[in-house]
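Report on one structure; see the data block that follows.
One is the number of the first residue; the rest follow in order along the sequence.
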Amino acid sequence: MMDFLQRTPFFRLLLPLVAGIVFYQYFPDFSIVLIALFCFISFVLILCSFFFRNSQKQYSFRWIFGCGIFLFLMSLSFLLCINQNRKSEFDNLLQKGIFKVELIKAPIEKANSYLCEVKLIQMLDSNEWKTAKGNAIVYLQKDSSAAKLLYGDRLLVETEFKTPERALNPDGFDYAKYLKRQGIGATTYVSSQKWEKIDFNNSFSIFRLADICQNFLLNIYRDFGIKGDEFAVLAALTLGYTDDLHPDLRKSYNATGAVHILSVSGLHVGIVYAAIAFLLAFLNRTQRQRIAKSIFIILFLWAYAFITGLSPSVMRSAFMFSFVALATCLNRKSQIYNTIFMSAFFMLLINPNFLFDIGFQLSYSAVISLIFFSIPARKVMKTRNKAAHWLWDLFSVSIGAQIGTLPFILYYFHQFPVYFLLTNFLAIPLSTIVIYLAIALLGVSFIPILSSAVAFLLNWSLIFLNGSIFFIQNLPNSLIFMAINTWQMYLLVVVILMLTAFYFTKNYRFLVIGLTSFLFVGVINLQAHY
């Protein structure tokens, strides 16, 4: 354990950051004065640690420096939470009137409306425009005018903004809390007669530019005749565009355990990283070439993150692989766990609410679990047969990822895909082929015959991918339904950690704690049924 802590300094830095974020969730009204006092104490402790000139005393009292850093990062994350949640403050709740708003994201098409995330600019009050503040979700009635709206459009809307609905059932999805963590303070529905476009914000915006780039690439797919479910999966798989995923298609991927491939994350960024590294393999002869190669890889990774909309999952993966590229450039073996915790540390500094994002939790639990379990699993089966080696790697990675994400899957989705192994054996290779063909299509789209051939192969690869998902979904008993509450989720995490610790240490205390925790999971289930 001590060896692990020494080799992963960012794990030690991440703990106080997470502690401060969790503390804010339970005590949001905690005194700012006390937080400032904690910051002052942390600085005193850090300074005191430098007064020990004797090396032996410095080592003996190193915990003083550690306590100072812990207290400082915990206080910092608490203050970051306060600053982040101020973005969800909304000044004009339950005030019916005319508002001037600006779209801060591209509209998303729904069944009967267009979802528009907007920021308030002004409100008409007694024939006088007054400054208004806050972000909101506006549902515009579905019509041809709403379909033409773009990022940066400014509208006049006549409406009344209301607080989002809170969870009505215990452990139900709290939509209001979810929106608050996204910086959204209100929602409203506006009919076609109650709004009009008045202006467009011409100032530079990196997110608007990303939206334009994404639409340009999506139109390339459309121009080559890729449509329907194939286009929806391709757009989600390669560019993070999920607006065309209809509920039945999403349900099929959920039911088979393949929904992770529809969310651009570590798998996709890793494939892009591998492709770029392969294409730039000739830049390995000198140190200057290796530095140039790393710079090109990092630029390509962030360009890819840019055109996918800079979503948290892509930014997280781009951070991770950027650090891997830098470590490779410096001829240093990247300590994989430290790299993972480093990316999480910087992500939470950017937005502490990422900690409660479902994708964030599933991504990190899956990555850490598959690395932890797949490494010893590879030692179990050693073979020179490349096909057998590849199959065993895929098997161990699938099992490892599923172990780590099990408590979160049961808690958030209340279901478990029985045939997840079969899904991964089919979906991961096919999705990898789709991503490589999509990159090839975008690269040769201006060459008539070659681009048509690549588009043909890409379309049929998508047909096979969707067909395999539908086949697995229709197998008997493909889903197990099981709902657990928050405490059961925490207990299942403890069960996995303790049984894993017992397997590696053979210490029976871990086994007792793990089995006792599992017993409590059952007791809570009986109590809930009663």
Side-chain angles (χ1 to χ4, degrees), residues 24-25 28-29 81-203 205 207-208 211 242-243 247 309 351 353 356-358:
Y24 176 82
Q25 299 305 312
D29 300 320
C81 288
I82 293 174
N83 182 61
Q84 187 66 34
N85 283 282
R86 279 178 181 165
K87 296 179 181 178
S88 63
E89 292 177 357
F90 202 88
D91 295 339
N92 304 99
L93 283 171
L94 303 177
Q95 294 182 21
K96 192 169 184 179
I98 298 175
F99 297 87
K100 186 184 290 185
V101 302
E102 180 183 323
L103 271 67
I104 55 176
K105 284 188 180 179
I108 299 174
E109 185 177 359
K110 298 292 183 181
N112 302 307
S113 63
Y114 279 91
L115 185 155
C116 302
E117 189 173 329
V118 304
K119 68 175 180 179
L120 268 64
I121 301 173
Q122 291 178 315
M123 177 187 180
L124 187 62
D125 185 20
S126 302
N127 294 322
E128 183 182 351
W129 286 106
K130 293 184 177 179
T131 302
K133 188 183 76 171
N135 293 346
I137 295 291
V138 175
Y139 293 93
L140 297 178
Q141 184 179 347
K142 206 169 190 178
D143 59 19
S144 57
S145 299
K148 296 176 183 177
L149 291 174
L150 300 170
Y151 185 112
D153 283 346
R154 289 179 173 174
L155 317 175
L156 278 184
V157 296
E158 184 181 350
T159 189
E160 179 184 358
F161 288 98
K162 298 179 180 179
T163 305
E165 292 185 1
R166 297 193 173 275
L168 301 178
N169 297 320
D171 288 306
F173 178 64
D174 195 331
Y175 187 56
K177 186 179 287 187
Y178 168 78
L179 289 182
K180 184 178 180 181
R181 287 171 176 163
Q182 304 297 315
I184 306 297
T187 61
T188 189
Y189 176 82
V190 182
S191 62
S192 299
Q193 299 79 24
K194 298 291 184 179
W195 72 272
E196 64 173 319
K197 179 182 172 181
I198 57 168
D199 197 4
F200 179 79
N201 186 353
N202 290 314
S203 60
S205 169
F207 291 102
R208 185 191 300 134
D211 188 55
T242 58
D243 296 358
N351 185 349
N353 285 335
F356 305 100
D357 182 77
I358 298 173

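When all heavy atoms of Ala146 and Trp195 are compared, the pair lying nearest together is N-CZ2, 3.8 Å. For Gln84 against Asn353, the heavy-atom pair with the smallest separation is CG-ND2, 3.4 Å. In terms of heavy atoms, Leu115 sits closest to Lys110 at CD1-CE, 3.9 Å. Residues Tyr151 and Ala106 share a closest heavy-atom pair of CD1-N, 3.9 Å. The two atoms that bring Gln141 and Gln193 nearest to each other are OE1-OE1, 4.5 Å, heavy atoms only.
Cys81 contributes atom SG, which lies 12.0 Å from atom CZ of Arg86 (distance to the nearest 0.5 angstrom). Taken from SG in Cys116 to NZ in Lys105, the straight-line distance is 12.5 Å, to the nearest 0.5 Å.
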- Check against side chain to side chain contact (heavy atoms under 4.5 Å, CB included), Leu155 and Leu140: CA-CA 11 Å; Leu155 317 175; Leu140 297 178; 4.2 Å; yes

- Task: Give the intermediate values and the outcome of side chain to side chain contact (heavy atoms under 4.5 Å, CB included) for residues Thr188 and Tyr139.
- Result: CA-CA 6 Å; Thr188 189; Tyr139 293 93; over 6 Å; no

- Message: Please determine whether side chain to side chain contact (heavy atoms under 4.5 Å, CB included) holds for the pair Glu196 and Glu158, giving the CA-CA distance in whole Å, both sets of side-chain angles, and the decisive distance to 0.1 Å.
- Response: CA-CA 9 Å; Glu196 64 173 319; Glu158 184 181 350; over 6 Å; no

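Under the 3.5 Å distance criterion, the side-chain polar atoms of Asp153 are left unmatched by any main-chain donor or acceptor of Leu149. Thr159 places no side-chain N or O within donor-acceptor distance of the main-chain N or O of Val190, the cut-off being under 3.5 Å.
At least one side-chain heavy atom of Ile184 sits less than 4.5 Å from a side-chain heavy atom of Glu117. The shortest distance between side-chain heavy atoms of Gln95 and Met123 falls below 4.5 Å. The shortest distance between side-chain heavy atoms of Asn135 and Val118 does not fall below 4.5 Å. A heavy-atom distance below 4.5 Å is not found between the side chains of Leu124 and Glu128.
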Show the atom names and distances, to 0.1 Å, of all donor-acceptor pairs under 3.5 Å that link a side chain in residues 96-104 to residues at least two apart or in another chain.
| residue | atom | partner | partner atom | Å |
| --- | --- | --- | --- | --- |
| Lys100 | NZ | Gln122 | OE1 | 3.2 |
| Glu102 | OE1 | Arg154 | NE | 3.0 |
| Glu102 | OE1 | Arg154 | NH2 | 3.2 |
| Glu102 | OE1 | Asn201 | ND2 | 3.2 |
| Glu102 | OE2 | Asn201 | ND2 | 2.9 |

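Shown here are the side-chain contact (heavy atoms from CB on, under 4.5 Å) partners of Ala186, two or more places apart in sequence or in another chain: Phe90, Leu93, Ala136, Phe161.
Evaluation of the salt bridge (Lys or Arg N to Asp or Glu O under 4.0 Å) test over residues 135-152, restricted to residues two or more places apart or in two chains, returns Glu109-Lys142.
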